[in-house]
Amino acid sequence: MKMQAERLKVIEPLPLPLHERLFDDGEQLAQALAKQVAADLRGALARHGEACIALSGGNTPKRFFDALSTQTLDWARVTVLPVDERWLPPEHPRSNERLLREHLFKNNAAVARLLPMYRPTPTPEMALMPVLTKIANEGLPLDVVVLGMGEDGHVASLFPDLGYDNPALREIGLQPRGRAPVMSVRTSAMPEPRMTLTLSAIFTAPAIYLHIEGESKRAVLEGAQRDPRSALPIRSVLSGAPVAPTLYWSP
Ligand SMILES: O=C1O[C@H](COP(=O)(O)O)[C@@H](O)[C@H](O)[C@H]1O
């Protein structure tokens, strides 16, 4: 009887690997992440004479971009691209390109090269092939990527509400070794169509950082890290990344 009870013991699945750097506040986090990313870019520049970094949008990265813009390195040889873009002109307050231009392309980083995703076409689908070709030829492989995460577990513009059964999300967006580096996205969760790097493109980077602030997002992340049944895109990042990502978190 005792033997049987032991055999039935539930084995907790191991959480997916993730390095963690935890900070007391967002300013300390921004400074530390900027120093680390600058060191990675200097390393890439020393190895192959140029460097490429993909950066997330939204509200979280502003302080980090401000801090990164002051780092000393050969920015003229650095290419910067957004990990995703809302299909809005760069003057729009929700544009991720605008965020980069306002918070990163200043100080020392003013001379970096921007590889935008947005084109002035009515839909992202109409610009998909030229953007895909440009990014594949001039942006990949990446040296560094910094991902944010939404409260719903989305990363870049890979949204869970596209549905786990959505073939485009599963077979293109979340495919760790697929051929498409970029895809267009339409989701009822967001007011505008979007374009996003796929995980195949994101996983070309040997350094992957998650920049996440707030207790509620951390709970979402930890849930996805531990639950093998989780269909959240952040879990696909943790399970498929060729190197364990490093979390930079503050309350
Ligand atoms: O829509 C987006 O959301 C995520 C998270 O943004 P945040 O405002 O919650 O920090 C972001 O990483 C992504 O690039 C963006 O387009």
Side-chain angles (χ1 to χ4, degrees), residues 18 23 25-27 29-30 33-34 37 53-68 80-105 114-118 124 131 135 139 142 144-162 169 173-174 181-199 201-203 205 207-224 232-238 241 245-251:
L18 178 67
F23 297 85
D25 61 55
E27 187 52 39
L29 183 161
L33 182 55
V37 166
I53 179 168
L55 294 168
S56 291
N59 292 315
T60 310
K62 289 179 186 163
R63 268 185 298 220
F64 159 57
F65 290 173
D66 290 336
L68 187 58
V80 179
L81 65 152
V83 298
D84 66 322
E85 187 55 279
R86 294 109 184 244
W87 214 248
L88 299 164
E91 310 78 49
H92 196 281
R94 286 178 53 76
S95 160
N96 285 342
E97 181 178 329
R98 175 181 166 145
L99 179 82
L100 284 168
R101 288 187 186 280
E102 285 186 355
H103 290 272
L104 180 65
F105 283 78
L114 177 64
L115 202 55
M117 261 183 194
Y118 179 76
V131 174
I135 288 179
L142 298 167
V144 186
V145 63
V146 182
L147 295 172
M149 187 194 77
E151 302 273 352
D152 59 358
H154 82 263
V155 286
S157 280
L158 301 166
F159 284 87
D161 85 308
L162 292 178
L169 179 69
L174 301 182
V182 174
M183 68 184 281
S184 61
V185 169
R186 284 160 190 278
T187 161
S188 56
M190 289 293 154
E192 66 285 305
R194 292 169 171 230
M195 196 178 277
T196 185
L197 293 185
T198 61
L199 290 191
I202 288 169
F203 289 167
I208 300 175
Y209 300 102
L210 302 179
H211 177 184
I212 292 176
E213 298 188 10
E215 299 289 352
S216 54
K217 283 190 181 179
R218 191 171 174 193
V220 172
L221 173 68
E222 286 181 356
L232 295 184
I234 185 64
R235 174 143 181 118
S236 302
V237 172
L238 300 177
T246 302
L247 169 68
Y248 277 68
W249 180 87
S250 74

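Ligands are counted one by one from 1 in listed order, and the atoms in each one are counted from 1 as well.
Between Pro124 and the options Arg186, Arg194, Met183, Met117, a side-chain contact (heavy atoms from CB on, under 4.5 Å) holds for only Arg186. Each of Asn96, Thr187, Thr196, Asp84 was checked for a side-chain hydrogen bond (donor to acceptor under 3.5 Å, both in side chains) with Ser157, and the lone residue meeting it is Asp84.
Ligand 1 places these atoms under 4.0 Å from at least one heavy atom of Gly148: 12 (O). Near Arg194, meaning under 4.0 Å from one of its heavy atoms, ligand 1 places the atoms 1 (O), 2 (C), 16 (O). Less than 4.0 angstrom separates some heavy atom of Ser56 from each of these atoms of ligand 1: 12 (O), 14 (O). Near Asn59, meaning under 4.0 Å from any of its heavy atoms, are these atoms of ligand 1: 7 (P), 8 (O), 10 (O). Of all the atoms in ligand 1, the ones that sit under 4.0 Å from a non-hydrogen atom of Arg86 are 1 (O), 2 (C), 15 (C), 16 (O). Distances below 4.0 Å separate heavy atoms of Ala156 from the following atoms of ligand 1: 13 (C).
When Leu55, Asp84, Val83 are checked for heavy-atom proximity to atom 15 (C) of ligand 1, Asp84 turns out nearest.
Between Pro61 and Leu99, the closest side-chain pair of non-hydrogen atoms falls below 4.5 Å. Between Met190 and Arg86, the closest side-chain pair of non-hydrogen atoms is not below 4.5 Å. Contact annotation: the side chain of Ser216 approaches that of Glu151 to within less than 4.5 Å [non-hydrogen atoms, C-beta and beyond]. Using a 4.5 Å heavy-atom threshold, the side chains of Ser56 and Met149 count as separate.
The shortest N or O to N or O distance between Leu147 and ligand 1 is not under 3.5 Å. Annotation: Thr60 places an N or O atom under 3.5 Å from an N or O atom of ligand 1; distance criterion only.
Here Lys217 has side-chain heavy atoms under 4.0 Å from ligand 1, and that is the only part of it that gets that close. Neither the backbone nor the side chain of Met190 has any atom closer than 4.0 Å to an atom of ligand 1 (non-hydrogen atoms only). Residue Glu85 does not touch ligand 1, judged by heavy-atom distances below 4.0 Å.
Using modelled atom types, no side-chain atom of Trp249 and backbone atom of His211 make a donor-acceptor pair closer than 3.5 Å. A donor-acceptor pair under 3.5 Å is absent between the side-chain atoms of Glu85 and the main chain of Pro116, judged by distance alone.
Put simply, part of His154 is less than 4.0 Å from ligand 1, judged by heavy atoms. Not a single heavy atom of Glu213 sits less than 4.0 Å from an atom of ligand 1.
In this structure, the protein non-hydrogen atom closest to atom 11 (C) of ligand 1 is Gly57 O, 3.6 Å. Ranking the protein heavy atoms by distance from atom 6 (O) of ligand 1 puts Gly58 CA, 3.8 Å first.
Ring orientation note: the planes of Tyr209 and Tyr248 are nearly perpendicular, at an angle over 60° on the 30°/60° scale.
A salt bridge does not link Lys217 with Glu213: every distance from a Lys NZ or Arg NE/NH1/NH2 to an Asp or Glu carboxylate oxygen is 4.0 Å or more.
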